[in-house]
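Below: one structure in structure tokens.
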2 protein chains.
Amino acid sequence: MSLDHAILGFLAERERSGYDLKTRCFEGAASAFWSADQAQIYRTLERLSRGKAVKSRTRRQSGRPDRRLYEITPIGRQQLDAWVECPHPLPPTRDPLLLQLGFSGDLDDPELREVLAAARLEHQSKLDALRVHATNQSSDTSLGERTTAVRLLALNGAMATQRAAIDWLDDSIELLEDTSSGGARRKGRRIGRR
Amino acid sequence: MSLDHAILGFLAERERSGYDLKTRCFEGAASAFWSADQAQIYRTLERLSRGKAVKSRTRRQSGRPDRRLYEITPIGRQQLDAWVECPHPLPPTRDPLLLQLGFSGDLDDPELREVLAAARLEHQSKLDALRVHATNQSSDTSLGERTTAVRLLALNGAMATQRAAIDWLDDSIELLEDTSSGGARRKGRRIGRR
DNA sequence: CCCTTGTATATGAGTTGTCCTATATTTGTC
DNA sequence: GACAAATATAGGACAACTCATATACAAGGG
């Protein structure tokens with residue numbers, strides 16, 4: 001599964017503890033691509049360890065709990081490379097908003113608008129977060145030039161998806177306003193600047 | 001979870017068997033919003049049945065296996081309505097392609113292009129399927145006008161996402177061609193028609 | 001006549017992901 | 001001084017989802 005490879009990918013950069021992975025990786029830019037529960041991270045590390053894809057050593061710390069630092073092994077590196085270089089099928093779509101909207105035939109326009117507007121807000125804040133991540137990624141010189149480039153490509157992809165969702169929601173909301181309130185019709189498309 | 005509500009939604013239209021749900025619903029237009037395994041459908045029907053949200057009766061058939069026809073109960077109807085009318089948080093992002101791309105710093109341009117091109121193809125065929133579903137939906141008069149309208153809105157949303165992915169992939173692939181092959185530089189953006 | 005496909009339901013076993021809780025210590029806030 | 005938050009790892013219980021298999025019969029093709 002993908003979480004294995006996500007973790008291998010992060011460990012390929014440098015050695016990390018489970019806590020590092022949770023706070024610095026899966027709550028940072030990577031959260032735009034993949035999210036992972038803390039419990040799942042530790043369990044996956046354990047599993048990868050059993051499969052000899054990573055190995056760990058314990059670093060004693062005074063005052064704080066000991067850290068288990070994990071690093072990738074040649075076996076893990078090989079698994080990561082194999083996964084990275086070959087295309088994978090798209091996962092099946094599971095979009096609760098589209099599902100909900102498809103069953104909203106009994107809602108009136110204001111109710112529908114509320115649902116869409118809420119989704120719009122969420123997509124907007126995701127987009128905002130992505131912009132921050134992209135800025136951080138650009139100024140991060142700790143990873144190679146090439147790695148930075150592909151990270152930015154991926155962030156662009158994530159942003160494109162969010163923008164598409166926002167535009168679609170705007171169009172849909174506008175459509176509802178035109179047909180329902182019957183009132184002041186508002187012409188002209190929104191001008192960008194999301 | 002959403003599958004419960006998806007099934008309730010379909011049963012709200014008319015009574016159906018598990019097989020109907022699988023073949024006519026989750027392999028049709030709904031596959032664009034939510035996919036479900038056959039085993040999961042039957043088990044969910046059983047669970048909904050225990051929760052009194054649906055009830056079933058067995059219709060004997062000659063030659064073929066008996067069908068268990070499920071219909072939604074007032075309790076189920078209430079659960080569906082409650083779910084449909086209130087906004088829900090976006091699920092966490094889990095995009096294997098973005099993840100893979102983010103870790104592709106060690107791939108050369110042709111390898112990267114191959115991965116992106118494969119994804120493009122998949123998004124394209126998803127978009128094609130969506131167009132077919134939209135056409136079918138438009139000409140389907142069995143559901144109310146309002147229901148048809150929201151279904152089309154949802155299909156538009158799904159198509160917008162696919163188009164955004166395709167455009168982003170095209171841009172990314174083009175970028176790779178410009179920087180790597182060094183050869184004939186190709187100017188001007190692709191002109192629509194996806 | 002066999003084999004596949006379609007119709008129809010269901011279970012067993014496994015993976016993946018979520019939520020809650022436990023443990024232990026330091027630092028910072030009210 | 002009490003209480004929360006950060007640092008750090010881990011297990012139990014459960015929910016959601018996948019894959020394979022079992023059962024049963026009819027129709028149609030080779």
Side-chain angles (χ1 to χ4, degrees), chain A residues 1-8 15-28 30-31 33-51 54 56-70 83 88-96 99, chain B residues 1-8 15-28 30-31 33-51 54 56-70 83 88-96 99:
Chain A
M1 42 137 335
S2 292
L3 181 59
D4 292 39
H5 302 108
I7 287 179
L8 289 176
E15 64 174 2
R16 301 177 191 268
S17 68
Y19 189 75
D20 284 342
L21 285 166
K22 186 199 138 215
T23 56
R24 276 197 256 293
C25 301
F26 290 103
E27 283 171 12
S31 67
F33 310 148
W34 204 268
S35 85
D37 187 75
Q38 177 258 93
Q40 212 191 343
I41 291 171
Y42 283 102
R43 273 192 264 250
T44 302
L45 282 170
E46 235 257 89
R47 183 158 41 79
L48 289 173
S49 215
R50 279 201 306 276
V54 303
S56 70
R57 59 205 173 78
T58 302
R59 164 150 308 172
R60 206 119 329 151
Q61 297 190 127
S62 57
R64 292 187 203 160
D66 296 349
R67 311 177 77 205
R68 271 184 80 174
L69 285 171
Y70 290 86
W83 177 75
H88 304 285
L90 292 182
T93 306
R94 258 184 208 107
D95 190 323
L99 192 63
Chain B
M1 43 142 324
S2 292
L3 180 59
D4 293 38
H5 302 109
I7 288 179
L8 289 176
E15 66 173 1
R16 300 178 190 267
S17 66
Y19 189 77
D20 284 341
L21 285 166
K22 186 199 139 217
T23 55
R24 275 198 255 293
C25 302
F26 290 103
E27 283 171 13
S31 65
F33 310 149
W34 204 269
S35 85
D37 188 76
Q38 177 256 94
Q40 212 190 341
I41 291 171
Y42 282 101
R43 273 191 263 249
T44 302
L45 282 170
E46 236 258 88
R47 183 159 39 79
L48 289 172
S49 216
R50 279 201 307 275
V54 303
S56 69
R57 59 207 174 76
T58 302
R59 164 149 308 171
R60 208 124 319 160
Q61 296 188 125
S62 57
R64 292 188 205 161
D66 296 348
R67 310 177 77 206
R68 269 184 81 174
L69 284 171
Y70 289 87
W83 176 76
H88 302 286
L90 293 183
T93 306
R94 260 190 204 102
D95 189 323
L99 192 63

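Quick note on labels: first sequence line is chain A, next is B, and so on, each numbered from 1.
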Whole-Å gap separating C1' (D:dA10) and CD1 (A:I41)
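That distance rounds to 13 Å.
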Considering all heavy atoms, the nearest A:W34-B:D95 contact
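A:W34 and B:D95 have their closest heavy atoms at CE3-N, 3.6 Å.
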By nearest-heavy-atom nucleotide on DNA chain C, the more 5' of B:Y70 and B:T23 is B:T23
Using only side-chain N and O atoms of B:R68, determine if any of them is under 4.0 Å from OP1 or OP2 of C:dA10.
yes
Pick out the pairs of N or O atoms, protein on one side and nucleotides 20-23 of chain D on the other, that lie under 3.5 Å.
none

Would you indicate, yes or no, if C:dT9 has its OP1 or OP2 atom less than 4.0 angstrom from a side-chain nitrogen or oxygen of B:Y19?
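The answer is no; no side-chain N or O of B:Y19 sits under 4.0 Å from OP1 or OP2.
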Separation of D:dG11 atom P from A:L45 atom CG, nearest Å, is 12 Å
Who pairs with B:R68 by salt bridge (charged side-chain N to carboxylate O under 4.0 Å, His left out), at least two apart in sequence or on another chain?
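B:R68 satisfies salt bridge (charged side-chain N to carboxylate O under 4.0 Å, His left out) with no other residue.
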Phosphate-side-chain proximity, B:R67 and C:dA8, N/O vs OP1/OP2 below 4.0 Å:
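Looking at the OP1 and OP2 atoms of C:dA8, one of them is under 4.0 Å from a side-chain N or O of B:R67.
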Find the distance B:R47:CZ to D:dC17:P and express it as a whole number of Å.
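It works out to 9 Å between those atoms.
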Between side-chain atoms of residues 35-42 of chain B and protein atoms elsewhere (two or more places apart, or another chain), which donor-acceptor pairs fall under 3.5 Å?
| from | atom 1 | to | atom 2 | distance (Å) |
| --- | --- | --- | --- | --- |
| B:S35 | OG | A:R94 | NH2 | 3.2 |
| B:D37 | OD2 | B:A39 | N | 3.0 |
| B:Y42 | OH | B:Y19 | N | 3.2 |

Given C:dA10, is OP1 or OP2 found less than 4.0 Å from the side-chain N or O atoms of B:Y42?
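For B:Y42, the contact criterion (side-chain N or O under 4.0 Å from OP1 or OP2 of C:dA10) is not met.
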In terms of the nearest nucleotide of DNA chain C, which residue is placed more toward the 5' end: B:G18 or B:P92?
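First, find each residue's nearest nucleotide; the 5'-ward one identifies B:G18.
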How long is the line joining CD of B:E15 and C1' of C:dA8, in whole Å?
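So the two atoms are 16 Å apart, to the nearest Å.
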Find the distance A:L3:CG to D:dC17:P and express it as a whole number of Å.
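Rounded to whole Å, this separation is 18 Å.
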Using a heavy-atom cut-off of under 4.0 Å over every strand shown, decide if B:S17 touches base, sugar-phosphate, or nothing.
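Sugar-phosphate, backbone atoms only, no base.
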Nearest-angstrom distance from the residue atom CZ of A:R24 to C1' of D:dA8
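The answer, rounded to whole Å, is 12 Å.
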Quick one: B:D4 CG to D:dA15 C1', roughly how many Å, whole number?
11 Å
Check whether any side-chain nitrogen or oxygen of A:Q40 sits under 4.0 Å from OP1 or OP2 of C:dT16, and answer yes or no.
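Checking A:Q40 against C:dT16: no side-chain N or O falls below 4.0 Å of OP1 or OP2.
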Could you give the CZ-to-C1' distance, from A:F26 to D:dA8, as a whole number of Å?
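Going from A:F26 (CZ) to D:dA8 (C1'), I get 17 Å.
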Heavy-atom closest pair, residues B:A6 and B:F26
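Closest pair (atom of B:A6, atom of B:F26, distance): CB-CZ, 3.9 Å.
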Phosphate OP1/OP2 of C:dT18: any B:R94 side-chain N/O under 4.0 Å:
yes
B:R43 and B:R47: CA distance, side-chain angles, deciding distance, side chain to side chain contact (heavy atoms under 4.5 Å, CB included) verdict
CA-CA 6 Å; B:R43 273 191 263 249; B:R47 183 159 39 79; over 6 Å; no
Return the minimal non-hydrogen interatomic distance between A:A30 and A:C25, and the atom names on each side.
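Residues A:A30 and A:C25, closest heavy atoms: CB-O, 3.2 Å.
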In short, A:V54 meets A:L45 closest at the heavy-atom pair CG2-O, 3.9 Å
